[in-house]
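Below is one structure; the comments refer to it alone.
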Amino acid sequence: ADMQRIVEVEDNEALAASSISMASQEGLLDVIENGKGVAFTHDSVNEAAYSLLQPDQHAPYHLRLGQILLKKICCPNLLQKYLFTISIQLARGVELITDEEDRIATACTFFSAGEKSMAASAFPEAHFFFAKGCQLLRHDDWTNNYRLCCDIYTKAADTAALTKDFQEMDKCLAILFDHCKGSIVDYLNASYIQVRSLVAQNDPASLDTGLEALRLADENFPSRDLAMHTIVGFAKTRRLMKSKGTRKLLQLPPITDRQMIATLRLLDLLVPISLTFNQQLLPLLCFRIVKLNLTHGISKATPSAVALYGMILSRFGYPLTETAKYAETALVLQRELKCNDTLANVTLLTYGGTFTRIQKLSDCIEPLQSGFNSGIKTGDMPNARGCAAVISWCSFFSGQRLTTVANTIKHLRTSMSEFSSKSIMHGNRIYQNAVDYCLGVSKDSRFYYNMPTVRDDVIISSKRNDLVLDEQAKLIQLTVSCIFCDYELAWAMSEKLGLFGSAFAGTTWPYTCAFYRGMTAISMLHWSSSRQYAQTAKSCLKELRKGHKKSGKNITHQLYLLEAEYAACKKFAFPEKFYLLAIEHAALSGVTHEHAYACERFGTYHFLRKNHNAAYEQIREAHTLYSKWGSKPKCEQLKKKYPRLGESERFLRYPHKM
């Protein structure tokens with residue numbers, strides 16, 4: 001069709017209707033029901049019609065088509081419906097736009113299309129539209145259309161980071177930082193994107209970059225005497241929070257100040273970063289967020305601040321009832337405010353922290369999965385990564401069937417693969433390696449030692465300072481080694497876990513660590529009367545007793561089993577009572593692998609006392625439970641160690657050679 005002819009008759013509805021009717025009669029067009037539209041009968045017809053245009057006419061044709069649609073579609077709902085169609089047509093001829101009014105109008109259209117794509121988590125498509133918008137803007141526009149320029153470049157940088165195009169992100173951020181010096185709000189928003197991208201690349205500079213940006217907003221943090229500042233800050237924050245319940249927090253006025261909102265958003269992002277790179281700063285960040293919310297009003301950061309405050313109380317040893325109250329308050333605030341941007345963070349702090357001490361680990365998995373999905377959707381990768389780690393952890397330590405755990409880990413890896421960095425993927429892999437070994441898929445029992453080193457640019461290294469992930473990996477190695485009775489390897493891991501308690505204070509995990517360290521130390525005492533083994537066993541038992549008083553939900557069976565082993569080692573009276581209690585509570589908790597482990601240890605105890613019938617009764621039960629767990633190698637290990645395992649009880653009177 002002749003382009004000029006279309007332009008001249010674009011308002012002639014009668015001619016358009018006549019042309020459509022003729023094409024329809026020829027079988028070239030299908031009229032959609034009730035005349036709502038038309039479509040080519042086949043793609044080849046579309047291609048044939050398009051081929052009538054000369055190559056140099058393609059761009060002008062698409063541009064004019066997009067401009068006509070943009071001009072003629074006046075209904076906002078209809079414009080939103082065809083926004084992508086219009087934007088794509090305009091994008092194909094964007095280089096030809098010279099008119100000042102058309103240039104700005106088209107840039108606004110690209111911005112709207114980009115935002116709509118972001119809302120659907122279509123980040124590559126969103127970046128395409130924002131980049132086209134940036135292409136239309138000129139240097140003078142930063143003076144005449146500052147808001148449009150800043151918004152488009154901010155979104156372009158954001159989507160470039162989410163699609164891991166860090167080079168393009170750096171270009172956009174450089175332009176933003178150059179033009180946003182007079183606006184603290186815009187500078188903070190750009191810094192937020194920069195910090196988040198540095199986290200995705202596991203760069204320790206992410207924390208310092210965020211703190212430097214906050215200084216422009218007069219939010220300063222000390223670099224020395226952090227312990228003293230923490231004590232003072234805690235006292236002030238506790239006084240502020242003591243009278244604030246859920247109802248009073250919801251009655252706070254919403255924060256409308258853009259600078260305060262941007263400040264709180266950046267502070268909220270620095271919380272999981274500090275957990276990785278500077279844990280001493282974590283309480284101070286929490287106290288500042290709480291103070292700003294209570295002073296200026298409620299915001300999207302309020303649920304995270306309340307949840308984090310509860311975690312801090314837990315780390316400081318306050319009663320679990322008080323910490324749980326703030327966790328529940330945070331979840332209520334999250335639901336009431338409908339803050340999807342902070343859902344991953346709030347879920348991680350509550351179900352990944354406080355609730356692991358008062359609920360079954362298996363009950364925490366589904367909420368954490370929701371938090372993980374939200375983090376992936378909103379691009380909150382630091383908290384999505386945290387949720388993924390706790391999901392893997394809870395799946396493994398809750399005693400779920402190993403094939404189920406493997407599927408969970410695989411799902412997490414698939415979901416993160418598009419957005420994640422090497423650090424996240426290697427964090428996922430340590431769980432996968434452990435499960436593969438337990439299933440018999442892999443024969444590599446030293447999976448922690450065989451993880452890539454810092455030379456391969458992964459997170460597990462002191463140089464990277466990712467204490468959290470490294471300590472998790474060590475505990476997983478310790479646990480599996482202990483279950484498979486490789487106590488020399490387990491002890492090597494035990495000695496490396498000196499920082500575990502500080503890394504995971506306020507959660508149930510330090511007690512799990514104490515249990516396996518204690519079991520390893522007692523097992524080593526059977527071979528050597530080393531004072532170090534004895535001291536470790538005693539200190540671990542003391543820690544578990546202390547933890548049981550605070551939160552015994554997931555560690556009761558562990559405490560009883562360690563009590564039994566310690567009593568048997570020291571030749572105290574009635575260790576059988578503790579073995580039976582450990583088995584009973586492990587069964588009630590549904591922790592299959594530790595239920596099996598308790599039966600196995602009770603069987604070993606009977607063997608040492610030449611009570612073979614009772615021993616084989618427990619070993620058979622352990623074999624059944626390990627089979628239920630899905631660990632074929634462990635079942636084979638038991639059969640090899642106890643060759644009469646399959647025999648009936650009447651043949652088990654002969655001594656078994658240990």
Side-chain angles (χ1 to χ4, degrees), residues 1-120 122 124-138 148 152 155-156:
D2 181 32
M3 190 67 209
Q4 185 62 36
R5 177 65 176 162
I6 291 176
V7 173
E8 290 174 357
V9 300
E10 61 183 356
D11 292 324
N12 194 329
E13 295 183 8
L15 180 59
S18 174
S19 300
I20 290 171
S21 177
M22 187 182 302
S24 177
Q25 290 175 8
E26 293 293 333
L28 300 176
L29 288 178
D30 281 335
V31 179
I32 301 174
E33 57 176 323
N34 300 324
K36 292 182 179 179
V38 294
F40 285 110
T41 55
H42 196 277
D43 288 344
S44 60
V45 179
N46 185 12
E47 293 169 3
Y50 191 71
S51 68
L52 296 175
L53 292 173
Q54 295 298 318
D56 59 351
Q57 292 180 312
H58 289 175
Y61 177 83
H62 287 295
L63 176 62
R64 187 58 180 151
L65 184 58
Q67 289 174 334
I68 290 172
L69 290 170
L70 187 61
K71 180 181 177 181
K72 294 299 180 182
I73 298 178
C74 300
C75 175
N77 291 336
L78 198 59
L79 183 62
Q80 280 297 312
K81 180 179 179 180
Y82 292 105
L83 182 60
F84 291 143
T85 301
I86 295 169
S87 299
I88 290 170
Q89 296 301 321
L90 293 171
R92 290 182 175 182
V94 69
E95 295 84 358
L96 302 176
I97 299 176
T98 55
D99 181 77
E100 184 74 11
E101 186 176 339
D102 286 345
R103 189 171 57 82
I104 298 302
T106 305
C108 291
T109 303
F110 286 145
F111 180 75
S112 298
E115 285 205 308
K116 188 175 180 179
S117 298
M118 281 195 76
E125 291 78 4
H127 180 64
F128 169 81
F129 290 122
F130 291 131
K132 288 295 181 182
C134 292
Q135 184 180 339
L136 283 169
L137 298 175
R138 300 169 182 168
L148 175 63
I152 287 183
K155 295 290 187 179

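- Among all heavy-atom pairs drawn from Ala126 and Gly114, the shortest one is CB-O, 3.4 Å.
- Here the side chain of Lys116 pairs a donor or acceptor atom with the backbone of Gln80 at under 3.5 angstrom.
- Gln135 CD to Arg103 CZ: the interatomic distance, rounded to the nearest 0.5 Å, is 12.0 Å.
- The distance between the ring centers of Phe130 and Phe110 does not fall below 6.0 angstrom.
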Discussion item. Walk me through whether Val94 and Leu63 qualify under side-chain contact (heavy atoms from CB on, under 4.5 Å).
Written reply: CA-CA 7 Å; Val94 69; Leu63 176 62; over 6 Å; no
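- Distance check, rounded to the nearest 0.5 Å: CG of Leu79 to CD1 of Ile86 gives 5.0 Å.
- With rounding to the nearest 0.5 angstrom, the CZ atom of Arg64 is 11.0 Å from the CG atom of Leu90.
- A distance of 10.0 Å separates CG in Leu65 from CD in Gln67, rounded to the nearest 0.5 Å.
- Here Lys71 contributes atom NZ and Asp102 contributes atom CG; the two are 10.0 Å apart, rounded to the nearest 0.5 Å.
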Practice prompt. Would you sort out whether Leu137 and Leu148 count as a side-chain contact (heavy atoms from CB on, under 4.5 Å), showing the intermediate values?
Written response: CA-CA 9 Å; Leu137 298 175; Leu148 175 63; 4.3 Å; yes
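- Atoms CZ and OG, on Phe84 and Ser112 in that order, are 10.0 Å from each other to the nearest 0.5 Å.
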Fill in: Derivation and outcome, side-chain contact (heavy atoms from CB on, under 4.5 Å), residues Ile88 and Phe129
CA-CA 9 Å; Ile88 290 170; Phe129 290 122; 4.2 Å; yes
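- For the pair Cys134 and Ile152, the tightest heavy-atom approach, listed with the atom from each and the gap, is SG-CG2, 3.5 Å.
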